[in-house]
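Have a look at the structure below, then the notes.
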2 protein chains.
Amino acid sequence: MTAQASFSNYIDTHAEAFIKRLGEAVAIQSISSDARRRQDVIVMGNWLNGQLHQLGVETKLVDLGTHEMQGQTLQLPPAIIGRLGSDPAKKTVLVYGHYDVQPALKSDGWDTDPFTLVVDEDSGRLIGRGSTDDKGPILGWLNVIEAHKNLGIAMPVNMRFCFEGMEESGSEGLDECIEEEVKKGKEGWFDGVDCVCISDNYWQNTRTPALTYGLRGIAYFSINVSGPGQDLHSGLFGRTVHEPMTDLIKLMSKLVNHNGNILIPGIDEMIPRPDDDELKLYQVMDYTTADIEQAAGGKVALSEDKTVVLMGRMREPSLSLHGIQGAFSDPGCKTVIPAKVGGKFSIRLVPPQTPEKITPLVNAYLESEFAKFNSKNKMQVEYLHGGKPWVADVKHWNFEAAKKAIEAVYKKTPDYTREGGSIPVTLTFAESLGVNVLLLPMGRADDGAHSTNEKLDRTNFIQGSKVLGTYLYEVAAAA
Amino acid sequence: MTAQASFSNYIDTHAEAFIKRLGEAVAIQSISSDARRRQDVIVMGNWLNGQLHQLGVETKLVDLGTHEMQGQTLQLPPAIIGRLGSDPAKKTVLVYGHYDVQPALKSDGWDTDPFTLVVDEDSGRLIGRGSTDDKGPILGWLNVIEAHKNLGIAMPVNMRFCFEGMEESGSEGLDECIEEEVKKGKEGWFDGVDCVCISDNYWQNTRTPALTYGLRGIAYFSINVSGPGQDLHSGLFGRTVHEPMTDLIKLMSKLVNHNGNILIPGIDEMIPRPDDDELKLYQVMDYTTADIEQAAGGKVALSEDKTVVLMGRMREPSLSLHGIQGAFSDPGCKTVIPAKVGGKFSIRLVPPQTPEKITPLVNAYLESEFAKFNSKNKMQVEYLHGGKPWVADVKHWNFEAAKKAIEAVYKKTPDYTREGGSIPVTLTFAESLGVNVLLLPMGRADDGAHSTNEKLDRTNFIQGSKVLGTYLYEVAAAA
Ligand SMILES: [Zn+2]
Ligand SMILES: [Zn+2]
Ligand SMILES: [Zn+2]
Ligand SMILES: [Zn+2]
């Protein structure tokens, strides 16, 4: 048996133990957005650090300091930087994952206790908070290392690790931590990294493995309209004053049309039309509009043409209206004229768009539209936050290695996907290390990462662990 | 001295005692909308009942049953029905008031403790929650009765009373209570009532007393748009699905323009244009656009022409956009595509409009506009609640009596006003008793009834008490 075959065999024969370890990880309620659970996030970091040690990975815990949350000053959970192997003859792969999870309460609608991993023998699902996002994928890497260690086989590559505990709460402190580690050069642990692999997203359906080479950026805005000095009663003031809501709603109605086209001049126009090669990419994808409608939970796809829908998510900007701050939002019938309202919307960006490039267009358009109203209210566009889009070269050996690994394990060619959302750390790695970054998802589109009954299919966990290990062999074999 | 002159003199010489009694009433935190304060509302009802008894008013407490609030079943505070005098030679005046108040916390921005009546000697203000809404006016009636009792003078009219403790929370149970009392005929305490007087609104400025002869009605709606099965992430789904917010904002933008004109066909058109007589009414009113802008706390009047602004409030319908339920409304940057949103708006109605007449127009318009979108989302217009407008005959002796009383006390001709808001009990009395109802405000436009630092000017309390008593003499003298 080759080393690779022995490794694969080990994964199969130790599946039960791996699932048990996933259960241990799921049981730790490492919810980063809940101040009351912050200690559990730190416990989870220590648990992961202990596992890495046992497997021979050298680690250091980086103190990211404190932050303010829910009126408290809280210790940030540590970033765990790790290394395994320093053979100059081998390539070095940096792996990222996050050990914190989204909140979950049984009363949110879970069928089982969210923090008890339930193995559903009928469906083959491993159900529990963090199973797919992102504890399962992290443990996938541990499975690979354990197999090699216990079989006494050398790892095909050197490995570096970067695990954080604040991903679900804005990755507080992580960018600076990575940039500092990179800046140390030969003194730092990220020296000599040849490529990055991140397993923290999903296939775009339930059937076909995917490799992800693009992420949209974002620019998030608030249109702030104010006029009266305080909230007014609509009985006393209705039809006597300029109402901020009237102006705001009118402005918000001018941002996007019902086909999803962005009405701010110059934004959609910034994107080059796809050539035939690119069009074909979408046409061959294992995807139907039924997939998007199943995922959305309703028959609301913007088009019956799957290429239109796929391009809408992967290669077009999008504009969503999120809501209004300062207006009446509770159940019931309050007859208020809100004095100061902020309409929240964001634009997902694709290359060559950046927040810097589109913000002036947004401002100019809204200001010129508002001027037409002749309103005595005040309007101001506020840029709240943003991030650049990211696209990787899929012809790079990093992607080729992952493709071969998927073909070997799943006997299928992966879909090449671009995600509509952002994973900001991707761009941080790409820009600070200057190497190719690969997103290699373990779970499926229906895993419900941030939802109730989050699951990772048993086959995705076990086959997925094999893909991660096989990928390392293919990286090692790459020219 | 005439009886009337003695009474007036008594009011002046007992002002300090009256203010002290108002302080006692203000100190009871009778907040009807707060379950934790319900017992205080009942205490306030008992206090008022005790005061009435001491003054010789016969009362009965009507048990209005229980209701659900903030997850609890709560006893409703009693309605207090009272009577004083049954002389068939005299007219009978029914008086309404409410002994509950709006919530108030020092931390809301009050300069003083809201439940300690502060007499500001410099400004002449009596500052405290309920001072003007509606404990001051209720105590005004008590002042009148006390003067007559202690002077040994007969009241010029028979009086009936209806005081409630739930006005600030929808007057739960009151309509039924009034209608039942009326239905009892000769057995009931409202038999023989000749007119009604309600003191629970305000002058339209700080200078000129007012008589109020109209109230707008209301029809409150929610436009419900839904599509996806659950809230979606804008990264994953932006530009792939029909977003309910896009449709809702577009619909809401088609309801009213920035001049306050209602865009739903047939609504503004329902209102006859004012004739010259009516126009003159607004032109002579002691009012400027500076008054509305001072009250609104911003330079946002819809017009520089005071008649346009006054007509906007008094004789035109108005449409206000209140907010959106189900969308993102918190501070921060949530990238959600809300699955189900309800846009809340209401239309203030004037005769001949009623909720029944305008609802079909609203439905038809929104349905036809939504059909143009070709959206796969679902849209439904929900009518949440409403009430008819009310206008009284200002030439009735009830209004004439009040006009004479104001001229006698204030040496000024009152403004005849219509309020933009609704006081639903007005319509209940008008319809169930079939007699003329007069709104006779005690306080000024800047009293801040539902706001911080609520006040009643000392002169309004004392002169206002004289107006109430003098009004009773003028009613008695009316043909
Ligand atoms: Zn994740
Ligand atoms: Zn996540
Ligand atoms: Zn009131
Ligand atoms: Zn009130």
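Residue numbers start from 1 in every chain, and the chains themselves are labelled A, B, ... in the order their sequence lines are given, proteins ahead of strands.
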- Message: For chain A, which candidate among B:Leu302, B:Asp231, B:Ile218 shows the most heavy-atom pairs at distances under 4.5 Å?
- Response: B:Leu302

- Query: Top residue by heavy-atom pair count (under 4.5 Å) with chain A, among B:Pro338, B:Gly227, B:Ala295?
  - Reply: B:Ala295

- Task: Measure from the side-chain N and O atoms of A:His322 to the backbone N and O of B:Thr335, and report whether any donor-acceptor pair falls under 3.5 Å.
- Result: no

- Query: Under 3.5 Å, side chain of B:Arg216 to main-chain N/O of A:Gly238, donor-acceptor pair present?
  - Reply: yes

Per-residue contact mode, [X] against chain B (heavy atom under 4.5 angstrom):
{"X": "A:Lys344", "value": "side chain"}
{"X": "A:Gln230", "value": "both"}
{"X": "A:Pro244", "value": "neither"}
{"X": "A:Ser375", "value": "neither"}
{"X": "A:His233", "value": "side chain"}

- Query: chain A contacts: which residues in residues 307-315 of chain B have a non-hydrogen atom closer than 4.5 Å to it?
  - Reply: B:Val309, B:Gly312, B:Arg313

- Please look at B:Pro331 and chain A and tell me whether the side chain, the backbone, both or neither of the residue comes under 4.5 angstrom of a heavy atom of that chain. both

- Query: At a heavy-atom separation under 4.5 Å, does B:Leu251 approach chain A through its side chain, its backbone, both, or neither?
  - Reply: neither

- With sequence neighbours left out, write down each residue that passes side-chain contact (heavy atoms from CB on, under 4.5 Å) with B:Asp108, or none if nothing qualifies. B:Leu105, B:Trp110, B:Thr452

